[in-house]
Amino acid sequence: MKTIKLNNGVEMPVLGYGVFLVNSEECERCVLDAIEVGYRLIDTAQAYYNEDGVGRAIEKCGVPRNELFITTKVWISNAGEEKAFRSIGESLRKLKTDYIDLLLIHQPFGDYYGTYRAMERAYRDGMVRAIGLSNFYDVRFVDLVENVEVKPSVLQLETHVFSQQKRMRELINEYGMHLMAWGPLAQGSDRLFTDETLKAIGTKYGKTNAQVALKFLTSEGIVAIPKSIHKDRMASNFDIADFELTEEDKETIRRMDTGKLKVDFNDPDMARYLLEYDKKFNPNS
């Protein structure tokens, strides 16, 4: 598995498996399947409510823990230094592990400065190998990064061939950070699986549209975490090591970028929605 080196020296696989919207019971089976296929990076989150399913799979898979790379994220209801720190311990318990390889702040709302201090503490205590951010854009990203002691290693954003995050990639490069793509297959929308441009490129290599899209991202140094509950599709998504895109191919795909996101975290209505949603489902937070 190809890896990238984070700004603190930690090696991270460029292709992983995501478990968004997979319930805890099914998650165990899915993660076991993904590990059997060959994935070593598994991405979850407190708000996915399936960390325990990932943990059971880690415990049963037979792969040494140091060969796996586990990512999780602190949710809004656990924002603030003390609450976030306690939640990190709870994530460790659910994941059945002594350390988390990469820990992210899930959303740029609530007391995320306190959350980041908790993550720095966990990092120094050896509970976490690397820390980073998710869904931070523009001034919130810059303000946080400029006011922390341990620089984040990774920024996770919606990223796919139709929204390649060129501007944010240039910005995070200034801090030596890597981009991690959620929704790397555009969540199946925008006709990615039938797009004629991707199909023409894939035909040259005997590859599917999804495989070409994932190969493009990883060849650009972007970590991709596609999700499927079907083992055959997991295997297909993973099978991208045996071909290389030409520079002409990549330039063609770069021109597919519309810059349009499905979720806008700079939208005040999005902030209100997430904060109100969290209050509704976490009234004691």
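Within the 4.5 Å cutoff, the side chain of Asp249 has heavy atoms near those of the Tyr205 side chain. Put simply, the side chain of Met270 reaches to within 4.5 Å of the side chain of Phe265, judged on heavy atoms. Looking at Lys2 and Leu15, their side chains never come closer than 4.5 Å, going by heavy atoms from C-beta outward. Thr44 has its side chain within reach of Leu95: a pair of non-hydrogen atoms, C-beta onward, lies under 4.5 Å apart. In this structure, Arg272 and Asp269 have side chains that are in contact, with non-hydrogen atoms separated by less than 4.5 Å. In this structure, Asn8 and Ile131 have side chains that are not in contact, with every pair of non-hydrogen atoms separated by 4.5 Å or more. In this structure, Leu261 and Gln165 have side chains that are in contact, with non-hydrogen atoms separated by less than 4.5 Å. Between Val10 and Ser153 there is no side-chain heavy-atom pair separated by less than 4.5 Å.
For the pair Asn50 (side chain) and Cys27 (backbone), a donor-acceptor distance under 3.5 Å is absent. In this structure, Glu158 contributes its side chain and Lys262 its backbone to a donor-acceptor pair below 3.5 Å. When atom types are taken as modelled, the side chain of Ser228 and the backbone of Met234 share no donor-acceptor pair closer than 3.5 angstrom. Listed for the Arg129 side chain is no donor-acceptor partner under 3.5 Å among the backbone atoms of Phe69. A donor-acceptor pair under 3.5 Å is absent between the side-chain atoms of Ser77 and the main chain of Trp75, judged by distance alone. In this structure, Glu26 contributes its side chain and Asn23 its backbone to no donor-acceptor pair below 3.5 Å. Using a distance-only test at 3.5 Å, with no hydrogens or angles considered, a donor-acceptor pair links the side chain of Lys215 to the main chain of Phe243. Within the 3.5 Å criterion, the main-chain N or O of Arg169 finds a donor-acceptor partner in the side chain of Asn173. No donor-acceptor pair closer than 3.5 Å links the side chain of Gln107 to the backbone N or O of Leu274. Proximity of a side-chain donor or acceptor of Arg29 to a complementary backbone N or O of Ile229 within less than 3.5 Å is detected.
Tyr99 and Met12 are not part of a single hydrophobic cluster, where members link through side-chain heavy atoms under 4.5 Å apart. Linking ILVMFWY side-chain heavy atoms closer than 4.5 Å, directly or via other members, places Leu32 and Tyr39 in two distinct hydrophobic clusters.
A donor and an acceptor atom, one from each side chain of Gln46 and Ser91, are located under 3.5 Å apart. Of the N and O atoms on the side chains of Tyr116 and Glu149, not one donor lies less than 3.5 Å from an acceptor on the other residue.
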Might you work through the side chain to side chain contact (heavy atoms under 4.5 Å, CB included) test for Gln156 and Ile225, ending with a clear yes or no? CA-CA 10 Å; Gln156 187 178 114; Ile225 46 169; 4.0 Å; yes
Salt bridge (Lys or Arg N to Asp or Glu O under 4.0 Å) between Asp101 and Arg65, intermediate numbers included: CA-CA 10 Å; Asp101 294 281; Arg65 174 64 183 88; 2.8 Å; yes
Any chance you could lay out the side chain to side chain contact (heavy atoms under 4.5 Å, CB included) test for Phe141 and Met177, step after step, and finish with the verdict? CA-CA 12 Å; Phe141 168 81; Met177 296 172 62; 3.7 Å; yes
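Ion pairing of Glu90 with Arg93 is present here, as a side-chain N (NZ or NE/NH1/NH2) and a carboxylate O approach within less than 4.0 Å. A salt bridge links Arg254 with Glu251: the distance from a Lys NZ or Arg NE/NH1/NH2 to an Asp or Glu carboxylate oxygen falls below 4.0 Å. Salt-bridge formation is not detected for the pair Arg140/Asp143: no Lys NZ or Arg NE/NH1/NH2 atom is positioned less than 4.0 Å from an Asp or Glu carboxylate oxygen. Between Arg233 and Asp33 there is no salt bridge, since no side-chain N of the basic residue sits under 4.0 Å from a carboxylate O of the acidic one. Under the 4.0 Å criterion applied to side-chain N and carboxylate O atoms, Arg121 and Glu82 are assigned as salt-bridge partners. Salt-bridge check for Arg56 with Glu59: failed, with every basic side-chain N at 4.0 Å or more from each acidic carboxylate O.
To the nearest 0.5 Å, atoms CG (Leu179) and NZ (Lys166) are separated by 13.5 Å. One distance of note links CZ of Phe216 with CD1 of Ile240; it measures 12.5 Å at 0.5 Å rounding. Taken to the nearest 0.5 Å, the CD1 atom of Ile58 stands 13.5 Å off from the NZ atom of Lys94. His106 contributes atom NE2, which lies 6.0 Å from atom CG of Asn135 (distance to the nearest 0.5 angstrom). Atom OG1 of Thr72 is separated from atom CG of Asp43 by 7.5 Å, given to the nearest 0.5 angstrom. Atom CZ of residue Arg40 and atom CD1 of residue Ile70 lie 10.5 Å apart, to the nearest 0.5 angstrom.
Closest of all the heavy-atom pairs between Leu245 and Ile253 is CD1-CD1, 4.2 Å. In plain terms, the two heavy atoms of Asp239 and Lys207 that are nearest each other are O-NZ, 3.0 Å. In terms of heavy atoms, Ala186 sits closest to Leu192 at CB-CD1, 4.2 Å. Here the shortest heavy-atom pairing between Glu51 and Ala45 reads CG-O, 3.8 Å. When all heavy atoms are compared, the tightest approach of Phe136 to Pro108 is CZ-CA, 3.5 Å. For the residue pair Thr115 and Ala79, the shortest heavy atom distance occurs at OG1-CA, 3.2 Å.
The environment of NZ in Lys204 is crowded: more than 12 heavy-atom neighbours from other residues, nucleotides or ligands sit within 6.0 Å. Shown here is Glu248, whose CD atom has no more than 12 heavy atoms of other residues, nucleotides or ligands within 6.0 Å. Other residues, nucleotides and ligands contribute over 12 non-hydrogen atoms within 6.0 Å of the NZ atom of Lys151.
For the side-chain contact (heavy atoms from CB on, under 4.5 Å) test with Leu133, the passing option among Val145, Ile172, Leu104 is Val145; the others fail.
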